[in-house]
Amino acid sequence: MEQPKQAQAARREAFESLAMPHAVRLRACARRWFRHEATADDAVQETFLRAYRTFDAFEPGTNARAWLFTILYSVCANEHARARSHAATSLEDVTEELLYRSEQFAPRAALPEPTGTEVERALGALPEPFKSALTFVDVEELSYEEAASALGCPVGTLRSRLSRGRKALAEKLAHLAPRTRTAS
């Protein structure tokens, strides 16, 4: 049954006021994961589409940002799985797939950095489970419970990933720390 135009307009306005303030942070997060601007934009667009379709299930008063990041993570995970499982059957398909992957997973330095910081580059170079955990908790400031829910893992697993990810990040950034000399 089709909703009256006024109800549709009110629903769209409520969705936009709740979701759109998070667009910039969702896009930045997607760019960290994909390292390819067009793919990141597609992922954010798909996130908003899925969120709008399921907006009636959103519980008012809960964290909209965590809800949107949960959807974004699902979209990104699905896209990575699709890219890995895509079977090329001809030389043309192989060439197209290699070009797609080289663009999608281009080295971080080949793209303009959102912040240009060493930390951003080091975070982007971490393995996926650590990068996602650190992005949700340390960058996007989701609670442990919200981040664990978005990643589909127990809080204990999230804490482990955070610990290991922070250690790996510190190792990647060790060259930035001032060196101290020990007395001889």
Side-chain angles (χ1 to χ4, degrees), residues 19-48 50-51 62-86 98-180:
M20 294 314 291
H22 305 290
V24 171
R25 297 201 66 180
L26 288 166
R27 184 172 186 268
C29 187
R31 283 195 70 199
R32 275 188 220 82
W33 285 335
F34 286 112
R35 299 182 192 161
H36 186 260
E37 199 170 334
T39 307
D41 290 345
D42 289 347
V44 172
Q45 183 176 2
E46 179 66 20
T47 297
F48 281 121
R50 288 185 189 184
T62 60
N63 188 337
R65 188 166 54 112
W67 175 62
L68 290 167
F69 274 107
T70 300
I71 297 169
L72 176 65
Y73 182 75
S74 174
V75 168
C76 292
N78 290 343
E79 178 58 26
H80 281 296
R82 187 198 65 74
R84 279 192 310 269
S85 68
H86 179 72
L98 288 173
L99 286 172
Y100 171 77
R101 288 176 186 246
S102 69
E103 289 174 1
Q104 184 179 12
F105 301 106
R108 194 73 170 132
L111 297 171
E113 290 292 328
T115 62
T117 66
E118 289 284 330
V119 175
E120 188 74 22
R121 283 189 290 278
L123 179 62
L126 292 177
E128 175 52 37
F130 304 144
K131 180 172 35 177
S132 296
L134 289 170
T135 298
F136 282 162
V137 173
D138 293 340
V139 177
E140 297 302 333
E141 300 177 344
L142 296 180
S143 71
Y144 283 13
E145 291 77 14
E146 291 167 340
S149 175
L151 296 171
C153 68
V155 173
T157 301
L158 174 74
R159 289 179 188 266
S160 173
R161 289 177 183 173
L162 285 170
S163 175
R164 293 167 55 199
R166 287 172 179 153
K167 182 178 178 184
L169 189 62
E171 289 171 2
K172 288 185 179 299
L173 298 172
H175 69 279
L176 298 175
R179 298 181 194 266
T180 57

**Study point:** Value rounded to 0.5 Å, distance of SG in C29 from CG in L26
**Key:** 7.5 Å
Check your understanding: Yes or no on side-chain contact (heavy atoms from CB on, under 4.5 Å) for D42 and E79, after CA distance, side-chain angles and deciding distance?
Key -> CA-CA 10 Å; D42 289 347; E79 178 58 26; over 6 Å; no
Exercise for review: List for me each residue that meets salt bridge (Lys or Arg N to Asp or Glu O under 4.0 Å) alongside R25, sequence neighbours excluded, and say none if there are none.
Suggested key: E140
Review point. Closest heavy-atom contact between C153 and R161?
Key: SG-NH1, 3.9 Å
Review point. For R50, which residues count as a salt bridge (Lys or Arg N to Asp or Glu O under 4.0 Å) partner, sequence neighbours excluded?
Key: E46
Check your understanding: In Å and rounded to the nearest 0.5 Å, what is the CZ to OH distance from R159 to Y144?
Key -> 5.5 Å
Exercise for review: State the CZ-OG1 distance between F69 and T135, to the nearest 0.5 angstrom.
Suggested key: 8.5 Å
Exercise for review: Would you check, one step at a time, whether the test side-chain contact (heavy atoms from CB on, under 4.5 Å) holds for L123 with V139?
Suggested key: CA-CA 10 Å; L123 179 62; V139 177; 4.0 Å; yes
Revision key, fill the gap. Minimal heavy-atom distance between G165 and L126, with the atoms involved, is O-CD1, 4.0 Å
Point to revise | Any F136 side-chain heavy atom under 4.5 Å of L158 side chain | key: no
Check your understanding: Okay, side chain of T70, backbone of A66: is any donor-acceptor separation there less than 3.5 Å?
Key -> yes
Review point. Do you know which two heavy atoms are closest between A51 and W67, and how far apart they sit?
Key: O-CH2, 3.4 Å
Review point. What closest approach, in Å, do C76 and W33 show between heavy atoms, and which atom pair accounts for it?
Key: SG-CE3, 3.3 Å
Exercise for review: Indicate the atoms forming the closest heavy-atom contact of K131 with R32, along with that distance.
Suggested key: NZ-O, 3.5 Å
Review point. Is there a donor-acceptor pair closer than 3.5 Å between any side-chain N or O of T47 and the backbone N or O of A43?
Key: yes
Revision key, fill the gap. Applying salt bridge (Lys or Arg N to Asp or Glu O under 4.0 Å) to E146 and not counting sequence neighbours gives none
Check your understanding: Roughly how far, to the nearest 0.5 Å, is OG1 of T157 from CG of L162?
Key -> 11.0 Å
Review point. Would one find more than 12 heavy atoms of other residues, nucleotides or ligands at under 6.0 Å from atom CD of E128?
Key: yes
Review point. In Å and rounded to the nearest 0.5 Å, what is the CZ to CG distance from F48 to L72?
Key: 9.0 Å
Check your understanding: If you look at every heavy atom in A147 and L142, which pair is closest and at what distance?
Key -> N-CB, 4.2 Å
